[in-house]
Amino acid sequence: MTDDRAYKVLITGASGFIGSHLVDEALRRNWTVYAGIRKTSSQRHLRDPRIRFFYVDLNKPDQLHRDLHDFARTEGGFDYIIHNAGVTKPRDPREFITGNAEFTRAFGLAARDTQPLLRKFLFMGSIAALGPADVRREEIIHEDVDPAPITPYGRSKLMAEAYLEQIADLPYVTIRPAAVYGPRDEKFVLRMIRLLERGIEVRLGPPDQALSFIHVQDLSRLVAQACSASHARTSYVISDGQAYGQARFNGLIKEQLGVKTVTVRIPSQVLIGVGFVAFHTMKLLGRPVHLSHFKMREVTARNWRVDISKARKELGFNPDYDLPSGLEHTVAWYRTLHQQPTKKGHTVV
């Protein structure tokens, strides 16, 4: 689907995995795209000549306010703002609050006060803001559950949502995706593929774990639909509408790779202990925290099942990818990373 009206959209975090796909989707709709990135960010996935750049620093909200004001004065302003940037690997957990919650509040206020054309301020939240469904009677996550985040990251995202709700007249929409995967995911899926290729399958959660996923291109399309829709000051939880066990996830990748593996099961308490040591070690060294006991509790939670009926009803959302087709697409992308031309001009994987 395309839209031939040249809406101007600012997408923060545009250089990353999800952000670069949001840029691709906006370009498909013929929107005028401004990639919101740091001056030091990679532009590897932002090569399309139609892309314009708007520099954003999460540590400088006052500068952002001035830049938005200047843009509105010279260019008329943005129609859509998609705030996808955020802190995921802080040196100290307090950076979650500063980068995810307080910056989002400042951004929302600046957008409302400086952008006369603003139709939608879309905030990329996380299912982590609601927490797993483990302790809920309904055993499923939807928009009306009482939030119970179990990580500092999830709490910071929930705080950001609360701040946006307090900003009168801001046409915000919060999207809370389940685990996002797809091409360009160089963290979760890429690392999993490489481990399975080595013949090792790691099982982290309980045997009856229910996980939810969303392909990055489905998520990007949903975000664009939410921008164009009339609904505002609301939120949506997003997945492909199904739930999967970790064995199913790993098995689908192994099927695509054509490999056999040895299964290694790691008890949850061991993972949490390792995360605790890693967290405090990195904090003492002043380095970004990639692993923590908080994250391990999230990874090993039993139930992340998601109800997407609200998005289906209000936005007409219908995922193109389920996990089998989505992982097939993702593994195909992975294979292209390892294609090398032979001396005879052929290609090998």
Side-chain angles (χ1 to χ4, degrees), residues 11-14 16-19 22 36 56 58-59 61 81-109 111 120-136 141-167 170 172-181 187-188 211-214 216 219-220 222-223 226 232-239 279 288-299 301 303-304 306-308 310-311:
I11 302 172
T12 68
F17 162 48
I18 295 175
L22 293 171
V56 176
L58 296 180
N59 296 313
I81 292 176
I82 301 173
H83 181 32
N84 171 67
V87 174
T88 59
K89 299 171 186 174
R91 289 175 172 80
D92 186 287
R94 288 172 292 186
E95 293 176 30
F96 282 130
I97 302 300
T98 302
N100 293 339
E102 294 176 356
F103 183 86
T104 298
R105 174 173 57 182
F107 198 175
L109 286 167
K120 204 66 60 72
F121 182 95
L122 190 135
F123 173 56
M124 187 66 73
S126 172
I127 202 70
L130 298 178
D134 296 42
V135 298
R136 296 188 172 103
I141 303 166
H142 55 80
E143 290 81 2
D144 296 326
V145 299
D146 292 330
I150 59 176
T151 63
Y153 172 76
R155 289 191 283 273
S156 72
K157 285 290 192 177
L158 183 64
M159 185 180 296
E161 293 183 22
Y163 283 153
L164 292 178
E165 290 176 12
Q166 294 168 8
I167 301 175
L170 179 69
Y172 74 87
V173 170
T174 296
I175 303 296
R176 303 175 181 131
V180 185
Y181 71 99
K187 298 176 184 176
F188 173 58
L211 303 172
S212 294
F213 299 90
I214 181 71
V216 67
L219 175 62
S220 299
L222 179 279
V223 166
R233 299 189 68 82
T234 191
S235 65
Y236 300 94
V237 294
I238 300 298
S239 76
F279 171 79
V289 177
H290 297 265
L291 183 67
S292 70
H293 46 307
F294 305 113
K295 186 63 178 178
M296 288 302 99
R297 289 194 185 101
E298 193 173 80
V299 168
N303 188 352
W304 288 100
V306 172
D307 178 2
I308 63 170
K310 181 179 177 181

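In what follows, residues are counted from 1 in the order of the sequence shown.
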Fill in the blank from the handout: Value for CG (L158) from OG1 (T151), rounded to nearest 0.5 Å, stands at 10.5 Å

Problem - Beyond-backbone contact of R233 with Y172, side-chain heavy atoms, under 4.5 angstrom - result: yes

Handout entry: Student check: side-chain heavy atoms of D307 and V237 closer than 4.5 Å
Key = no

Handout entry: Check: F96 and R155 side chains under 4.5 Å, non-hydrogen atoms
Key = no

Problem - Minimal non-hydrogen separation, S220 against L22, with atom names - result: OG-N, 3.6 Å

Practice task
Answer yes or no: is there a donor N or O on one side and an acceptor on the other, between the side chain of N100 and the main chain of G86, under 3.5 Å?
Solution key: no

Practice task
Looking only at non-hydrogen atoms, find the nearest pair between A101 and Y163 and report the distance.
Solution key: O-CD1, 3.4 Å

Problem - Main-chain N/O of I141 paired with W304 side-chain donor or acceptor, under 3.5 Å - result: no

Handout entry: Heavy-atom check, side chain of F103 versus side chain of V87, under 4.5 Å
Key = no

Handout entry: Nearest non-hydrogen partners of K120 and A226, listed with the distance
Key = NZ-O, 2.7 Å

Handout entry: Closest contact, heavy atoms only, N303 versus D134
Key = N-OD1, 2.9 Å

Handout entry: Heavy-atom closest contact (P149 atom, G154 atom, distance)
Key = CB-C, 3.7 Å

Practice task
Kindly indicate whether the side chain of F121, heavy atoms from C-beta on, has any atom under 4.5 Å from the side chain of L164.
Solution key: yes

Problem - Side-chain (S235) to main-chain (I175) donor-acceptor, under 3.5 angstrom - result: no

Handout entry: Heavy-atom donor-acceptor pair, T12 side chain to A85 backbone, under 3.5 Å
Key = yes

Practice task
Describe, in one word, how the ring planes of F213 and F188 are oriented to each other, choosing from parallel (under 30°), tilted (30 to 60°) and perpendicular (over 60°).
Solution key: parallel

Practice task
Would you mind reporting whether I97 and E102 have side-chain heavy atoms less than 4.5 Å apart?
Solution key: yes

Fill in the blank from the handout: Separation between CD (E298) and NZ (K295), nearest 0.5 Å, reads 4.0 Å

Completion exercise
For M124 and K157 the tightest heavy-atom approach is O-NZ, 2.9 Å

